Number of protein chains: 4
Amino acid sequence: MNILIGEKEYFKGIGQIKFEGPNSDNPLAFRYYDENQVVAGKTMKEHLRFAIAYWHSFCGDGSDPFGPGTHHYPWDVASDARQRAKDKADAAFEFITKIGAPYYCFHDVDAIDGHNDPKEFASRVEFISDIFAKKQADSGVKLLWGTANLFSNERYMNGASTNPNFEVLAHAGAQLKGAIDATIKLGGDGYVFWGGREGYMSLLNTNMKREREHFARMLHTCVEYARRNGFKGKFFIEPKPCEPTKHQYDYDAATVIGFLREFDLLSEFGLNLEVNHATLAGHTFAHECQVASDAGMLASIDANKGDYQNGWDTDQFPTDIYEWAEAMMIILKQGGLAGGGINFDAKRRRNSTDPADLFYAHIGGMDTIARALLIADKIQKHGEFDKLKAARYASFDSGKGADYVAGKLKLEDLFEIAVSVGEPAMLSGRQEYLENLLGRFV
Amino acid sequence: MNILIGEKEYFKGIGQIKFEGPNSDNPLAFRYYDENQVVAGKTMKEHLRFAIAYWHSFCGDGSDPFGPGTHHYPWDVASDARQRAKDKADAAFEFITKIGAPYYCFHDVDAIDGHNDPKEFASRVEFISDIFAKKQADSGVKLLWGTANLFSNERYMNGASTNPNFEVLAHAGAQLKGAIDATIKLGGDGYVFWGGREGYMSLLNTNMKREREHFARMLHTCVEYARRNGFKGKFFIEPKPCEPTKHQYDYDAATVIGFLREFDLLSEFGLNLEVNHATLAGHTFAHECQVASDAGMLASIDANKGDYQNGWDTDQFPTDIYEWAEAMMIILKQGGLAGGGINFDAKRRRNSTDPADLFYAHIGGMDTIARALLIADKIQKHGEFDKLKAARYASFDSGKGADYVAGKLKLEDLFEIAVSVGEPAMLSGRQEYLENLLGRFV
Amino acid sequence: MNILIGEKEYFKGIGQIKFEGPNSDNPLAFRYYDENQVVAGKTMKEHLRFAIAYWHSFCGDGSDPFGPGTHHYPWDVASDARQRAKDKADAAFEFITKIGAPYYCFHDVDAIDGHNDPKEFASRVEFISDIFAKKQADSGVKLLWGTANLFSNERYMNGASTNPNFEVLAHAGAQLKGAIDATIKLGGDGYVFWGGREGYMSLLNTNMKREREHFARMLHTCVEYARRNGFKGKFFIEPKPCEPTKHQYDYDAATVIGFLREFDLLSEFGLNLEVNHATLAGHTFAHECQVASDAGMLASIDANKGDYQNGWDTDQFPTDIYEWAEAMMIILKQGGLAGGGINFDAKRRRNSTDPADLFYAHIGGMDTIARALLIADKIQKHGEFDKLKAARYASFDSGKGADYVAGKLKLEDLFEIAVSVGEPAMLSGRQEYLENLLGRFV
Amino acid sequence: MNILIGEKEYFKGIGQIKFEGPNSDNPLAFRYYDENQVVAGKTMKEHLRFAIAYWHSFCGDGSDPFGPGTHHYPWDVASDARQRAKDKADAAFEFITKIGAPYYCFHDVDAIDGHNDPKEFASRVEFISDIFAKKQADSGVKLLWGTANLFSNERYMNGASTNPNFEVLAHAGAQLKGAIDATIKLGGDGYVFWGGREGYMSLLNTNMKREREHFARMLHTCVEYARRNGFKGKFFIEPKPCEPTKHQYDYDAATVIGFLREFDLLSEFGLNLEVNHATLAGHTFAHECQVASDAGMLASIDANKGDYQNGWDTDQFPTDIYEWAEAMMIILKQGGLAGGGINFDAKRRRNSTDPADLFYAHIGGMDTIARALLIADKIQKHGEFDKLKAARYASFDSGKGADYVAGKLKLEDLFEIAVSVGEPAMLSGRQEYLENLLGRFV
Ligand SMILES: [Co+2]
Ligand SMILES: [Co+2]
Ligand SMILES: [Co+2]
Ligand SMILES: [Co+2]
Ligand SMILES: [Co+2]
Ligand SMILES: [Co+2]
Ligand SMILES: [Co+2]
Ligand SMILES: [Co+2]
């Protein structure tokens, strides 16, 4: 990938980030992520399909509920919205090509300022997506997925597709149309729905049943529109349990899968799982991956890290090898992500104010995940985990156990079998043994 | 209801608990629960269908992970298992009739000690259920639901219906048969599945997909057996997110409903929601009630109270009027519980060692819920909540909003509508107003 | 109290909020808060000393991490900072006098925009505090406490008094001087320290020992300055465990008391306890009150309500009678708050966008607390709680128990006593009885 | 260390666990823990001072609140209490010497069954401690610390040293005397207080102030007794926030340090920090270590691992290199643990029922911690963390910053300095850089 500099260079003094191996002392080099290294039959680049998130990296200013932004971007100064968007795109593609990520992701309002007039908004999105198209062609960077931000505009304070007011829902539809159009134009591999305010603040004023039905209706409407207009990619739903809402309808993997099944949407959709959202929902990330994978729905990932002591979406960069090794074991087992990639939905800390911090943050994240891939591959090749797990369930592979699975036994049959087999042997779950086995590869 | 004393009286000095009204200073009287008071067309007794839990009240000895039991029961001293079971039944029906609860609930091993030989276990259950049948006839007390304890015996340490070893699963089946037989014999209104160890301790040794399939198969097997043998009641699943497992498959209402739909079990089942399990899952109790009610699955309740600061199933007795008033609003709205009742799955504190404490605890719980029913009824009659909520969604009742609901609009239509309506008015969610309105009735 | 309207009326159509009693259907009336009603020897007004928080009520725009503000204030439109501050003061005192709160509280930057030049900032604070002085005189409203906002300005991103850079600490000192000067001028009853960023984001870059020492030094410096300049009030520290920091040094009541004792600051300080901060720290509000009261440090309260399912400072308005009744029992027992009052550090929900919502919110909060005061007073007068608690510890009031308390017994003595008394009787903790007793008064 | 087999060998087929290095595939070998390897001037054995916990490893039967024990110990079958204790000691010292831990720890009732008669109980403890003395002499294994179990006996249901009934407190004193006597006899390096029920279940029945005073009095009484009888070791308090209590007075490191300071006990005590208790208190383990270390109180550690999704003391074996590397950085920096060691307060999972599981569990734990020690040593030698941290606070090392630290500046001085230095530069906290730096050594 060639570095793509726009009208001016924004990250001066930092060039292409290179792989230098685990022993490198260079904080601006990869120690594990070598895009060309072949692992389990594919290059790391093909496996991981890293994407840079436009919002955190080029828009997020470090503001939090207790103070305004600390990151002042030189690309965010022009007075004209279109010019500012163009400058930001220059900075974005410079960064993406310097860090060497093959993909990026964006919300409509990250790419360019929104506008209350749907026509002007659509025109703006067209303008910037034309620029993105050229940048993609010039750099080889591709769009992992696009999405519409249906939570920031004040009109969405009571929800977007779940707003009690149909007029607001219509505006959400207008925005969705623009974002889907742009995704199609840019050849996005996917389209993501994250329903930041699709939930409730209080049950006292909410008809949850109607709101969920309205939401499902919108998904059907979008799928129909996108397919009719040539979209070939996958649709993703990103679960999150709460924040900013009291409760978000797309709570976790199991809830979303249940929702999609209820409203006959399973076949068109996959899940985009975010690590921090698993944390907020009271699950491990591996759990969410397993639930999704078992349902054939583990499609894409928003990579970040939560804080186990604080209760909000801290969106830190990944650093935990264990968390990722366990997830990668599941992903490798299913043969890779189904249609998506790994997007860094992660932000530098508010007090990480050096431009280089954006590089350190992504390097750390990419290395963590690459290292986890190498670990998972070694585990897979070693084979003991698979062998032990298969043996553990062997009693269901044949004989009466298989009959049970096939639905051939009645409750009386089970009673008789229990009588005849007597008290079963106590079979250790061997958890500590397996934890040590995992530890051997970390 | 007449007090039913067995061979000896266990709760001497305490007679029938009577309703004395809110101003009573008598700690052994009801202040709100008047079983004959008519509320919204039914007596309180018919509405609430209170049940006493055999396990906590007559078996639970107050042990916890840091110390053995502190409650020493005079009915738990005979050396013979059948005699001990009989004595316990005497104590149980004495208490149930003195407190005036119309129902009770039990696990097989609460009623009588289990046995590793399925035939002996079945014979024991038959023995005690014959005694229960007579006690029911003598007292008028009825069985709300029965269940099998598939988590205490050491053989279930890796799960029961989800055990990786088919032999263990067969034993679970044997126990289920016995508990279902007893439930049918005793005319139970329902049969509950709470899968205490149906989950995992570690994903490293678990094939979650197979385990869930095995679990679904067992539910089908039980339904088939029960229907064939004349069971007319409802089957209930009781969600719980974890404890003793790291993760239990019946995590919360949404997860269970998704599971039942996936495995084509929805029509036979309802949910038995426990307050403390909502707390452990990160939900309000009202949330779980609403999710279940919206799906037509709010069938029965395990009444207790969690601790918002501690992270295990404290199973305290209900005291919070707010929590119950919000739940009762949902229950009244759907016309009452669908097939179940309100069972006190609650235990006295380990250090509540006076026999009278069992009465205080239940009186407090029954009064809390009765008071909540009165509040919900007043709110319903006042009607402002309903009116405001209906008005909030009125834009979907006709015109373009109704067209959207009916699936008649395409995404382009929404765009055009957004353009034509312009920026919608900001409509306050009025949460504080509604909280005050609720407060007015508490 | 007379309504104080400024150059224009901001809350048109809403007059003085009056007490109308529990049966009133008027959502703009008090049902429990009757400022003149005498309870336990003082009027409600004297007991509760309600204060309105400038920040949430007149500055907070409803923005959250996922969207900008939804509350657009007509007093926040003038282009000149001093004029805007003046308009805001008009609105504030109009609201405060209409709602009938005897006190208010503010941060320097709530009153008027801050400025990076300390002299200009000081001049601005002087300007607005002169206006406040006049408003106070005209209305009878008083200042409960003042404070400096040392967390919003980007320079405080690594802390203020705990910043690793002394220059930033100097700026914090400059702001503290201004805020203390204003508090003295306005006759504030107290001065609050809430150290929003006095903590760490990561231990990896933090010398916690030095930072805590620097913080203690700043408190000493402020006390010296304030006393030298005639401040007669109390200093308060407001504990909070985290947010926006990963960990805040003023974690909870016990931690702050330990800190003040360690650095010899106990005598000058009391605690300003916030309900939601207790929640975030994993405590009940009553727990924090009891810890503070036992140490003679329960001085003032920031009234609001957290969310037990979400993990951030939701700052909702109080609605829970139980939470407040338990706190009021402690406050009444210690003879009232020591030097402070009850400040509504609470905000309307982001989607509560009607001006009237600000009134509903405060009315609900004031009524909840007033009702809790009435309940606590009844409990106090009834006396059973006190009697039972005293009896429970009676064995330490005389005899060997009193000897133990007085330090007269050695370990061998305890051994001998244990031998001689034999196995003690099991004394029930009677928790359910006491919960029912509390419930009787709610 | 030589293997010490007693009357019979309990762990047949498993010999001395040896160090085989990171590449070993032997699950019964150490991959990192090499007791003779010198790290930072001491052997690993001297640094880590691993201890085996008698309770979990030789007494804990795997019971949990939902089921009885699954671990059936061949040393726990004799009918006589003294014989059973002797057999258990054989098993314990066999295991301790096979695993190669230099220390062990025990509660009185772990060593031998307690007895309600204090004299008989004392006699039993004397009996078993004589046996322990001989075992220590024969094997070279030493006692890290002793303690009394003041939470299991039903008489402690309302607390031990904080019990409202003085008679119960006297029994606690009797037990403390016996456990201290044994600790002195066995040359224990420390004596631990973990107050499992020293807290409250409900504030409604609790006088927290008196209870805390009684607790402090007991600590003084014990210190006086132990010193008078020749105890030279350290006293440790082990913080825990809750469980089995609603709230335990020794909540966390900061709370305990505050308590010890309040009651003038600081000089005699250090902290015994447990990883899982940090988790339950809402802290990272590194946080607790830093708080303790800054106060000179980081003395000993109970090694285990919590579960971030479940809310009780799961006491799993350590596996997380990050958690331990951060802790080891702090421990190395203070020159090692002050007086204590690292005790495995960890238990096999209930379903880990093979005898070998006890070995796997400890091997995994010891390797994790040994590896963390190696990492921390490398980080220390590399020096960049120290250098960066020192530089970050350099402005307080001289000039005005040092004057501030020395208390020479008044608030006006800070104001003038702020004016003169102008707006400070924004200095990045560099969190991601430092996380990567840490990751380089893991
Ligand atoms: Co995301
Ligand atoms: Co997120
Ligand atoms: Co239950
Ligand atoms: Co429960
Ligand atoms: Co506050
Ligand atoms: Co707050
Ligand atoms: Co411990
Ligand atoms: Co523990």
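Values reported hereafter were calculated over all heavy atoms of this structure, with side chains retained and with hydrogens, waters and symmetry mates removed. Bear in mind that the values here come from a model prediction, so they are computed numbers and not experimental data. A note on names: the letters A, B, ... follow the listed sequences, proteins ahead of strands, and every chain is numbered from 1.
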Pick one of side chain, backbone, both or neither for [X], based on which atoms fall under 4.5 Å of a heavy atom in chain A.
X        : value
B:Glu154 : both
B:Asn116 : both
B:Leu388 : neither
B:Arg228 : side chain
B:Ser420 : neither
B:Tyr433 : neither
B:Lys389 : side chain
B:Ile257 : neither
B:Lys400 : both
B:Ala406 : backbone
B:Tyr404 : both
B:Arg210 : side chain
B:His283 : side chain
B:Ala295 : neither

Among [options], who wins on heavy-atom pairs under 4.5 Å with chain A?
options                      : value
B:Asn163, B:Ile180, B:Asp294 : B:Asp294
B:Gly399, B:Gly173, B:Ala170 : B:Ala170
B:Glu412, B:Glu213, B:Gln290 : B:Glu412

Heavy-atom contact with chain B under 4.5 Å, split by part of [X]:
X        : answer
A:Asn153 : side chain
A:Leu437 : neither
A:Asp413 : neither
A:Met157 : side chain
A:Glu423 : both
A:Tyr225 : side chain
A:Asp117 : neither

Is a donor from one side chain sitting under 3.5 angstrom from an acceptor on the other, for [X] and [Y]?
X        : Y        : result
B:Glu435 : B:Tyr322 : no
B:Arg392 : A:Asn158 : yes
B:Tyr200 : B:Glu211 : no
B:Glu432 : B:Asn436 : no

Quick one: which of [options] has the most heavy-atom pairs under 4.5 Å with chain B, could you say?
options                                : value
A:Lys209, A:Arg155, A:His171, A:Glu167 : A:His171
A:Thr206, A:Thr284, A:Leu266, A:Val291 : A:Thr206
A:Ala418, A:Ala281, A:Gly258, A:Gly429 : A:Ala418
A:Thr255, A:Leu203, A:Leu409           : A:Leu203
A:Glu326, A:Met329, A:Arg430, A:Met218 : A:Met218
A:Met208, A:Arg212, A:His214           : A:His214

Task: Backbone of B:Pro164 reached by a side-chain donor or acceptor of A:Ser395 within 3.5 Å - done: yes

Task: Under 3.5 Å: donor-acceptor pair, side chain of B:Tyr191, backbone of B:Thr183 - done: no

- [ ] Indicate the ring-plane relationship of B:Phe396 and A:Phe166, choosing parallel, tilted or perpendicular according to the 30° and 60° boundaries.
- [x] perpendicular

TODO: Hey, can you tell me if A:His247 and A:Tyr251 have their rings parallel, tilted or perpendicular (30° and 60° cut-offs)?
DONE: parallel

Any heavy-atom pair between the side chains of [Y] and [X] that's under 4.5 Å?
X        : Y        : answer
B:Leu260 : B:Val256 : yes
A:Leu438 : A:Phe385 : yes
B:Leu298 : B:Gln334 : yes

TODO: Would you confirm whether the ring centroid of B:Phe259 sits within less than 6.0 angstrom of the ring centroid of B:Phe215?
DONE: yes

Open item on the list: Under the criterion side-chain contact (heavy atoms from CB on, under 4.5 Å), I'd like the reasoning laid out for B:Leu150 against B:Arg197: C-alpha separation, chi angles, the key distance, then a yes or no.
Closed with: CA-CA 8 Å; B:Leu150 302 178; B:Arg197 298 199 198 266; over 6 Å; no

- [ ] Before giving the answer on salt bridge (charged side-chain N to carboxylate O under 4.0 Å, His left out), spell out for A:Glu262 and B:Arg261 the whole-Å C-alpha distance, their side-chain angles and the decisive distance to 0.1 Å.
- [x] CA-CA 8 Å; A:Glu262 179 179 357; B:Arg261 182 173 279 115; 3.7 Å; yes

Open item on the list: Salt bridge or not between B:Arg227 and B:Glu224? Use side-chain N to carboxylate O under 4.0 Å.
Closed with: no

Open item on the list: Does this structure show an ion pair linking A:Lys240 with A:Asp252, if we count only N-O contacts that are shorter than 4.0 Å?
Closed with: no

TODO: I would like to know whether B:Phe415 and A:Gln175 meet side-chain contact (heavy atoms from CB on, under 4.5 Å); could you show each step before the answer?
DONE: CA-CA 8 Å; B:Phe415 184 93; A:Gln175 241 182 285; over 6 Å; no

